[in-house]
Amino acid sequence: MKQAFRKNIFRTIKKSMGRYMAIFAIIALGVGFFSGLKASKPSMLYTAQDYLRERQMFDYRLISTWGFDQEEVEAIRALDGVAEAEGAVWEDFLYPDESGREICFKALSITESVNTLTLLSGRLPQADNECVLDGYRYSEDMIGTEITIGENNSSETRDAFVHDSYTVVGLVRSPLYMNMERGTTTIGNGKVEGFIFLPLSGFDYEYYKEVYVKTPLEALAFTEEYQDSIEDGAQELEDGSAAIADIRYNRELADAREEIADAREELADGEQELADAKKELEEKTGDARKELADAREELERGEQELADAQKILDDGKRELTAREQELADGESALVDGEAQYQAGLTDYENGRSQYEAGYSQYQAGLAEYEKNLAQYQAFLAMLGGNTAGYEEQLAATEASLEQAKEQLDATGALLSATKNELDQGKAALDASRGQLDASRAQMEEGRRQIEAARKELATGQREIDDNQKKIADGWKEYEDGCSELEEEVADAEAEIADAEEELADGRQELADAEEELADVEEPELYVLDRNTNVGYACYENDISIVEGVAKIFPVFFFLIAALVCSTTMTRMVDDERTQIGTLRALGYTQGAILAKYAIYSGSAAGLGAIVGYLAGVRSFTTSIWTAYNMLYGFSELIIVDNIWLLLISLLVALICSVGTTYAACRLELKHAPAELIRPKAPPAGKRILLERVTLLWKHLKFLHKVSARNVFRFKKRMIMMILGISGCTALVVTGFGVKDSVTNIVNVQYDEILQYDLSATYSKELTFDILEEIKEEFGSEIETAASVMETSAEAPFEGGSKSVTLLVSDPQAALGDPVTDSINFHQEKDGSAVELPGDGEILIDNRLAGELSLEVGDTITLKVGDQEKPPLTVAGIFENYVYFYAYVNSATYEEYFGEAYEPKTLYLSLQKEADPYRISSYLSDMKDAAGVNVIADMRIRVQNIMQSMNFIIALVIGSAAALAFIVLFNLGNINISERVREIATLKVLGFYPRESGAYVFRESMVLSVMGIVVGLPLGVLLHTFVMSQLKVDMVSFHVQILPLSYVYSVVAVIGFTVCVDLIMRRKIERIDMAESLKSIE
Amino acid sequence: MAFIEFSHVNKIYQSGDVKIHALKDASFEVGQGEICVIVGQSGAGKTTLLNILGGMDTLTDGRIFLDGVEVSAFRKKQLANYRRNDIGFVFQFYNLIPNLTALENVEIASQLCKDPLPPVEVLSGVGLHERMQNFPAQLSGGEQQRVAIARALAKNPKLLLCDEPTGALDYQTGKAILKLLQDASRHSGMTVIIITHNSALTAMADRIIRVKSGTIDEVILNEKIVPVEEIEW
């Protein structure tokens, strides 16, 4: 390129900086808006992805009705597809805050490998009585304070904590709470106000309440890849962890069974033992009784014997006495005999002495005789001493001797006779002596015998006595034995009774245990993914709104940018017409000249695109993030630059600028250079259509006529102006309209459509008791209570299916109030009530009707599970914005869905002043309560989505304003520069500044008004389109623009026009009247 | 006192460090009803003079009177009023408003001032009765300049200022225009000042002012006024 040519370009730029800047600015704005909105979601998404990856947010959360022990956690960690698993516990508790108000907190255990905390200030807990506090909701002032587990907590809650209070040592964020929502609880007012994290050791727990699982998945959060993988892996994980959970279940079941078996066995043993014991007792008592009987018999026999013995003894005694008597008699006879004997002895003595005397005589004769006798004895000796038996004989021999002697001795015979006599006497005496002695001896003997007998008797007596005593003892013993036996039997029986009782207890226990065993439910395992985390689930939805806006608005901006570029460049080419002609005449090619303007506009647009991209991406994302920050304050925004976005922006910017430049140049370059050198003939004045309406035209003020004609004089500019203004009007209208459509749905949904404040679902069919209980507790606070059945169905349509909440109620139900008290079924259009459907009919909401393109009278086929249900006729379409709802009556439900109608859900409308959270907490605590929803929570959730939208709307309106400004400014500028000469002339003619301003601006006002007139319907269209693009799955919007919004839009656009006019007026004032003297270029 | 009086008028343009002394101590007088031709070469200061006299520009020092009123003392607003009521202006390039018909171009001026002449009459006077409803683009250059003159005359001004009124016209048409101006002056006694670089035109003037390098070179009262038809150049 020639240097002079380059210089020319630079000079041109320098000289027409305003024009250059206009292109730059409009492109920068368009690109900034486009790239800013486009980059916002990816940046916010990436910020969250990065945050979640860094904070190791769980992929799955396992909950089991049985809890988990460490072993199970280890086993889960060892499962395929599990990178990390960590058990955790939590507990909701009441915490009396500094003002003494009791609020609900959730305490969670700190996990090391998942859901790691971000420390905002302070430090992490080191001791088990330290905690870190919710950093979103509380400030550093809280560090050092105590979080007390309030007195009013249930003992279960208190038992779950090791300490009564925990010292706050730091503030944290947790990936579990990406947004401000803290969830609900069954305690207190039912609303969790904040969380604390404690070391695991700060909890007193037996089992982990949940297990957080990380997969080795590399896919980023929120991506389809991630979602698919997680969905795919869930089943496997569920199976795997269910198997793990079953181990303990089976073991415990087996243990329990074994225990029961043992118990049963033990019981059987016990029974056997008891039976044995009974038998033994019986046996024993039998023996004992027999023994006792024997003993008794023996005793009796002994007694008998003893009595017999006594009798004998007595007989003995008596005999003894008789014997004694006898003895005494004998003794006295003996004494008499003795006396006789003595007398005989004396007589004998006397006779003896006589005899002696005679004997001595005789002796002498005897000596002789003895001599004979000695002979004789010698003879005897010869016999050998055997005299004992021969004494008599000897005596007889003697006698014979004697006799012989007698013969010899006559005297001796007499003597011998006397002697004999004496001897006889003596013998008689001796005999009597002997007799006496014998009788004495006998007596003695008898005495001795008596003594002996006495002794014997005594002994016998003693013995008897002894025996008697023994028997007495025996009796006693017997008695003792008897009573002992009785006692023992009684004891044994008591023992048996005890044992029986014990056994009965045991049996009962066993039965209980068996029943319990039968009742023991298998561990119910739930595998939850991140979508059950409110923060995570809402996040994508919330940030998607930006994307919806990014879809359509930028197109509009670019269109207007192209328009501005086009008018600007056309004007420029017009301005430099002669220069172009000169250059052409000098020999520059068309291409070179085209290049000049292409470079001019292209460089402006390119710079604008780059600056717009850089500024837009940064400022838009940052400011949108600031708005979201109120909801999602989890980390600093990471701005993601997208080179493609920049390239696309550049491309579009260049098309807008270079393209329009080319179009403008081509027109001029077609002319021959000679023609170009000559001034362009000014556009001819023309009569306008309005003049034909003479009646009106006549009444117009002269200057107004001029303006009217001027308006239509520059057709192209008029079209540009109208397009620009209408575009801006449309943008502003759309902005306000989006706001109207969005802000109102919360009110419409939760004030007009859903009229209930609480919905409580029970695990069993509702009863009067439940209703009574609630009414008794909160009677005055509850306005209406309707019983319904909430179930879900799929509404399939081509290319997808929608999950519908199917409401079923019995219009004739006696239980509670009619459902229409809780849900106001009405038409979207005019608010007129939609009648409840008849049998075989269904009411659907307008969202569903829209998705399925259904109208009243059409049929709809719902699916439950995989089962297609018979088609139902749409009896009415009612207004609804959040979720999808359909309604059938109970008869239809039972007939068409083939299931029993069981209303389990209660819709409660409360009095204004009632606190829904207090009631909610009560309801959650009720028996069989399965879940309570506070509508206010839903409302806030939806409102949050809306609020983030409001900010974006403000951005849109602001950008639209900027756009309007640039367009108006640019067009105004062009208008003035085109008409400098005319204005100067008017000034020379003596127009006051005000008049000359009005002369020009009456036109732009008229054009603005026309633009507005065109723009309003355009805005309605754009709004409709934008709303159709703004899809948030959970909610749809009440597409409407309030009258006031039109007013605002009109005022805003006119305001911009006036603003631009004010600036332009100064420009007009600065126009030198000398311009009028110049020649036409 | 004369109808127009310039006394020691200086005009210095300052652009950056460069000072241009456009008028140096210019003093002259023009009587009422006179046709005055200001003549000079390009850059002599004619246009500056015209601008100042026409209330389009202010002077640096000196005084200007028109009909006994000191124009040089006027402020912006008064200047606008002055242009509006007292001055009629005829441009070299006519400066008609393209979007207005001939009549309307006259009307736009006449509606501004206090006692205007009827536009239709004025237009008829300049011989454009038939073309009143035509737009400038439909008129020839001479016709356009007639409209411009009619526009100036319709205001019934005290002074008609003409800047090279024939500059963009061919010889014959230029003559016709000058004739028109002369007739206007003679019939209504209007003071007319014509600025031109064409010395030939001086012949028709009552008073000739020669300008040279910002100074008034000479002021000549023309004794021998030649009718326009007889002027040749």
Side-chain angles (χ1 to χ4, degrees), chain A residues 679-688 690-691 697 700-715 717-718 975 978-1000 1002-1003 1069-1081, chain B residues 13 46-48 50-52 54-57 76-114 119 133-139 148 151-152 154-155 157 161 163-164 167-168 195:
Chain A
K680 195 182 188 179
K686 261 191 223 149
R687 297 194 181 277
I688 55 168
L690 198 64
E691 291 177 47
W697 188 251
L700 276 181
K701 269 192 183 166
F702 176 75
L703 282 174
H704 292 181
K705 287 181 188 170
V706 177
S707 298
R709 211 180 271 145
N710 273 344
V711 163
F712 294 100
R713 191 168 115 210
F714 302 100
K715 288 251 161 51
R717 208 176 58 215
M718 178 185 88
N975 192 9
E978 270 182 357
R979 296 163 71 183
V980 168
R981 186 179 190 79
E982 196 175 315
I983 295 161
T985 306
L986 290 174
K987 280 174 129 182
V988 173
L989 284 179
F991 271 51
Y992 298 134
R994 188 171 40 81
E995 285 171 335
S996 44
Y999 177 77
V1000 174
R1002 196 170 292 119
E1003 263 175 72
E1069 265 178 61
R1070 280 203 303 267
I1071 289 176
D1072 193 350
M1073 277 174 280
E1075 290 285 334
S1076 61
L1077 304 179
K1078 284 181 183 159
S1079 64
I1080 303 164
E1081 272 188 6
Chain B
Y13 290 107
K46 303 182 305 262
T47 307
T48 309
L50 183 79
N51 282 350
I52 291 169
M56 289 152 69
D57 208 346
K76 257 190 164 174
K77 173 85 193 223
Q78 287 166 308
L79 276 176
N81 273 325
Y82 168 69
R83 289 196 303 269
R84 201 175 177 118
N85 295 314
D86 300 338
I87 303 293
F89 215 103
V90 177
F91 303 92
Q92 181 179 8
F93 299 104
Y94 341 124
N95 290 10
L96 295 179
I97 293 171
N99 207 28
L100 299 178
T101 61
L103 179 62
E104 284 162 352
N105 262 298
V106 178
E107 282 174 335
I108 199 169
S110 68
Q111 288 187 354
L112 288 174
C113 55
K114 284 176 203 152
Q133 298 302 325
N134 286 32
F135 284 100
Q138 295 163 332
L139 300 172
R151 180 174 65 184
K155 285 166 83 178
L161 284 174
D163 181 22
E164 298 275 14
I195 288 172

Report summary line: The interface call for B:Glu164 against chain A, heavy-atom contacts under 4.5 Å, is neither

Query raised in the report: Does a side-chain N-to-carboxylate-O contact under 4.0 Å join A:Glu1069 and A:Lys987?
Result: no

Query raised in the report: Could you state the interatomic distance from OG1 (A:Thr985) to CZ (B:Phe91), rounded to the nearest 0.5 Å?
Result: 5.0 Å

Report task. State, to 0.1 Å, how close B:Pro136 and B:Leu100 come at their nearest heavy-atom pair, and which atoms those are. Result -> CD-O, 2.9 Å

Query raised in the report: Is the shortest distance from a Lys or Arg side-chain nitrogen in B:Arg151 or B:Glu104 to a carboxylate oxygen in the other one below 4.0 Å?
Result: no

Query raised in the report: Where on B:Thr47 is there a heavy atom nearer than 4.5 Å to chain A: the side chain, the backbone, both, or neither?
Result: side chain

Query - Most chain A-contacting option - heavy-atom pairs closer than 4.5 Å, from B:Ile108, B:Ile97, B:Asn51 - result: B:Ile108

Query - Contact origin within B:Ile87 toward chain A - heavy atom pairs under 4.5 Å - result: neither

Query - Part of B:Asp163 within contact of chain A (heavy atom distance under 4.5 Å) - result: side chain

Query raised in the report: Do B:Tyr94 and B:Asn105 have side-chain N/O donor and acceptor atoms under 3.5 Å apart?
Result: no

Query raised in the report: Under the 3.5 angstrom rule, does the side chain of B:Arg83 hit a backbone N or O of B:Gly55 as a donor-acceptor pair?
Result: yes

Report task. Could you look at B:Asn134 and say if it's the side chain, the backbone, both or neither that has a heavy atom under 4.5 Å from chain A? Result -> neither

Report task. Please flag which part of B:Glu107 lies under 4.5 Å from any non-hydrogen atom of chain A: side chain, backbone, both or neither. Result -> both

